[in-house]
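As C-alpha cells, the structure follows; a few thoughts come after it.
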Amino acid sequence: MRPFYPILLDISDQLCVVIGGGPVAERRVSGLLDAHARVRVVCLTATERLQQWAAMGCIELRMEPFQPAHLDDAMLVFAATNERALNEWVARSAKERNLLVNVADAPEQGHFIVPSVVRRGDLCLCVGTGGQQPKLAAQIADELAERYGTEYEKLLQLLGKLRNEILSATPANSPLRQEALERLHAQTPKLLAMIRAGLDPEQEARAVLNYLLHQPLPKEGQQ
Ligand SMILES: C[C@@]1(CC(=O)O)c2cc3[nH]c(cc4nc(cc5[nH]c(cc(n2)[C@H]1CCC(=O)O)[C@@](C)(CC(=O)O)[C@@H]5CCC(=O)O)C(CC(=O)O)=C4CCC(=O)O)c(CCC(=O)O)c3CC(=O)O
Ligand SMILES: NC(=O)C1=CN([C@@H]2O[C@H](COP(=O)(O)OP(=O)(O)OC[C@H]3O[C@@H](n4cnc5c(N)ncnc54)[C@H](O)[C@@H]3O)[C@@H](O)[C@H]2O)C=CC1
C-alpha cells in the first residue's frame, strides 16, 4: 500500500505529454483537456477521438515512435502504450528530466495515479483506490455523480461570489467576517433548494448577503 497524497493541480496552459494513442491514452487526454492543459500525444496509431481532437487543433498529435525529446518542456508525462518495455523507457526518461510521470500498466513505476473524477463546475470529486480496484473507484464516482448533480455548479458560482463579497467587505480575521462566512454556509441548503426549483437565487442571495453583513453580532456568551 502506498499512501498517495491527493492534490488538485493547476495545469492550465502547461504542456502534458501522453505516450500512446489507445483508449487509455484517450481517457488521459480527455481529463487533461478538461483541465485546460496543452497536450502532446505521441503514438503509432490513434483512436478516432484523438484524431478528431488533433484535426480541431485541440491537441498536438505526433504519429511517430517515442523519443525522449518528445518530453521537452513537459510538466507531466503519461506512459500509456501497450508495450511494457516502452512504458518503462518513458518512465525512466521522465525521471531523468525530473518530470512527474504516470505509468498505466505499472503504477509503481510512476509518481502518481489517476483517479476517477466527477466535475460539477468548480466542484471536483476524485476517487482513488490506491490502484487496488479501479472499477470500484469508477462505481463510487458514479454514486457521487448521482448524489451531487449539476445544480452544484450554479451553487458554487453563487457561494463563491458571495464569499468574495464578504471577504472584500469585512476586515481580515474579524468576528464579523467569521460570523458572515458561517451564516453564508448555513444558507447552502436554502440556495440549493432554490436552484433545484428552477428559481434564480441571485435576489435571495443579495438579501442573504445584506443580512450577513448587517446583522448585529451576538453578544458574548449568546448564540
Ligand atoms: C493505477 C491506475 C493507473 C493510472 O494511474 O494510470 C490503474 C491501473 C490499471 N487499471 C487496469 C484496468 C482497468 N482500469 C479501468 C478503469 C479505470 N482505471 C482508472 C485508474 C487507474 N487504473 C489507476 C488507479 C486508480 C485507483 O486508485 O483505483 C480510472 C479510475 C481512471 C482512468 O483510467 O481514466 C478508470 C475508471 C474511469 C471511470 O471513471 O470510468 C478498467 C475498467 C474499464 O476500462 O472499464 C479496467 C479493466 C478492469 C480491471 O482490470 O479491473 C489495469 C490492468 C490492465 C491490464 O489488464 O493490462 C491497471 C494496471 C495495474 O493494475 O497494474
Ligand atoms: N490505467 C488504466 O486505466 C488501464 C491501463 N491499461 C494498460 O494500459 C495499456 C494501454 O491500453 P490501451 O490504450 O487499451 O492500449 P492500445 O493497445 O489500444 O494502444 C497502445 C498504443 O500504444 C502506441 N504505441 C505502441 N508502440 C509505440 C511507440 N514505439 N511509440 C509510441 N506509441 C506507441 C500504439 O500506437 C497505440 O496507440 C495497456 O497495455 C494496459 O496494460 C489497460 C486498461 C486500463
Side-chain angles (χ1 to χ4, degrees), residues 2 4-121 124-142 144-145:
R2 289 201 285 172
F4 289 96
Y5 180 67
I7 57 173
L8 295 169
L9 210 56
D10 180 5
I11 57 170
S12 48
D13 297 323
Q14 301 290 330
L15 179 67
C16 296
V17 181
V18 179
I19 314 300
V24 172
E26 182 183 301
R27 284 213 300 269
R28 297 289 171 272
V29 172
S30 175
L32 292 168
L33 290 176
D34 286 344
H36 297 183
R38 285 190 293 127
V39 181
R40 174 183 298 152
V41 175
V42 181
C43 60
L44 306 179
T45 55
T47 65
E48 209 166 299
R49 200 139 170 247
L50 285 169
Q51 293 179 43
Q52 282 166 0
W53 276 326
M56 286 157 53
C58 301
I59 62 170
E60 175 193 354
L61 182 56
R62 305 275 284 266
M63 303 287 285
E64 55 202 35
F66 168 73
Q67 288 300 324
H70 287 127
L71 307 183
D72 283 355
D73 304 320
M75 184 199 198
L76 296 177
V77 177
F78 296 80
T81 79
N82 53 348
E83 299 283 340
R84 178 79 286 277
L86 174 54
N87 286 346
E88 196 172 340
W89 183 28
V90 173
R92 212 169 46 243
S93 307
K95 286 174 184 171
E96 276 164 11
R97 290 159 185 251
N98 283 325
L99 299 174
L100 291 179
V101 62
N102 168 260
V103 185
D105 65 336
E108 69 286 353
Q109 289 185 358
H111 297 104
F112 65 98
I113 59 175
V114 180
S116 217
V117 178
V118 179
R119 282 184 187 274
R120 301 288 183 242
C124 183
L125 305 169
C126 308
V127 186
T129 65
Q132 299 303 323
Q133 179 53 309
K135 257 184 177 305
L136 179 62
Q139 186 201 316
I140 294 173
D142 284 346
L144 290 173

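Note that the structure is a prediction, hence the values are computed from the model and not measured.
Scanning both residues, Cys124 and Val117, for their nearest heavy atoms gives SG-CG1, 4.1 Å. Heavy-atom minimum distance, Ala80 versus Val24: CB-CG1, 4.2 Å. Considering all non-hydrogen atoms of both residues, Met75 and Asp10 come closest at CE-O, 4.0 Å. Counting all heavy atoms, side chain and backbone alike, Thr129 lies closest to Pro134 at OG1-N, 3.9 Å. Heavy atoms only, all atoms of each residue included: Trp89 and Pro68 are closest at CZ2-CD, 3.6 Å. The two atoms that bring Thr45 and Cys43 nearest to each other are O-SG, 3.5 Å, heavy atoms only.
Checked against Ser93 for a side chain to side chain contact (heavy atoms under 4.5 Å, CB included), the options Val77, Ile19, Leu71, Leu99 give a single hit: Leu71.
No more than 12 heavy atoms of other residues, nucleotides or ligands shown are found within 6.0 angstrom of CD on Glu48.
The line from CD1 of Ile140 to CD of Gln133 is 10.0 Å long, rounded to the nearest 0.5 Å. The distance from atom OG of Ser116 to atom CG of Leu136, rounded to the nearest 0.5 Å, is 10.0 Å. The distance from the OG atom of Ser30 to the CG atom of Leu50 is 9.5 Å, given to the nearest 0.5 Å. Taken from SG in Cys126 to CG in Leu144, the straight-line distance is 10.0 Å, to the nearest 0.5 Å. Once rounded to the nearest 0.5 Å, the distance linking CD of Gln14 with NE2 of His36 reads 14.0 Å. The distance from atom CZ of Arg38 to atom CD of Glu60, rounded to the nearest 0.5 Å, is 9.0 Å.
Side chain of Lys95 to backbone of Gly110: no donor-acceptor contact under 3.5 angstrom is found. A side-chain donor-acceptor contact under 3.5 Å links Asn87 to the backbone of Thr81. Without hydrogens or angle criteria, Arg28 side chain to Val17 main chain gives no donor-acceptor distance under 3.5 Å. At least one donor-acceptor pair under 3.5 Å links the side chain of Gln51 to the backbone N or O of Ala46. Not a single donor-acceptor pair under 3.5 Å links the side chain of Arg40 to the backbone N or O of Arg62.
Counting only heavy atoms from C-beta outward, the side chains of Val18 and Val42 never approach each other to under 4.5 Å. Using a 4.5 Å heavy-atom threshold, the side chains of Trp53 and Leu61 count as separate. Using a 4.5 Å heavy-atom threshold, the side chains of Val29 and Cys16 count as separate. For the pair Asp34 and Arg119, the minimum side-chain heavy-atom distance is below 4.5 Å. Side-chain contact between Val101 and Phe78: absent, with no pair of heavy atoms (C-beta onward) separated by less than 4.5 Å.
Residues satisfying the side-chain contact (heavy atoms from CB on, under 4.5 Å) test with Leu100, not counting sequence neighbours, are Leu76, His111, Phe112. Residues that satisfy the side chain to side chain donor-acceptor pair (under 3.5 Å) test with Glu26, not counting sequence neighbours, are Thr47, Arg49.
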Inset, instruction - Apply side chain to side chain contact (heavy atoms under 4.5 Å, CB included) to the pair Val41 and Val39, showing each step before the final yes or no. - result: CA-CA 6 Å; Val41 175; Val39 181; 4.0 Å; yes
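Sorted by first and then second residue, the salt bridge (charged side-chain N to carboxylate O under 4.0 Å, His left out) pairs with a member in residues 69-91 read Asp72-Arg97, Arg84-Glu88, Arg84-Asp105; sequence neighbours excluded.
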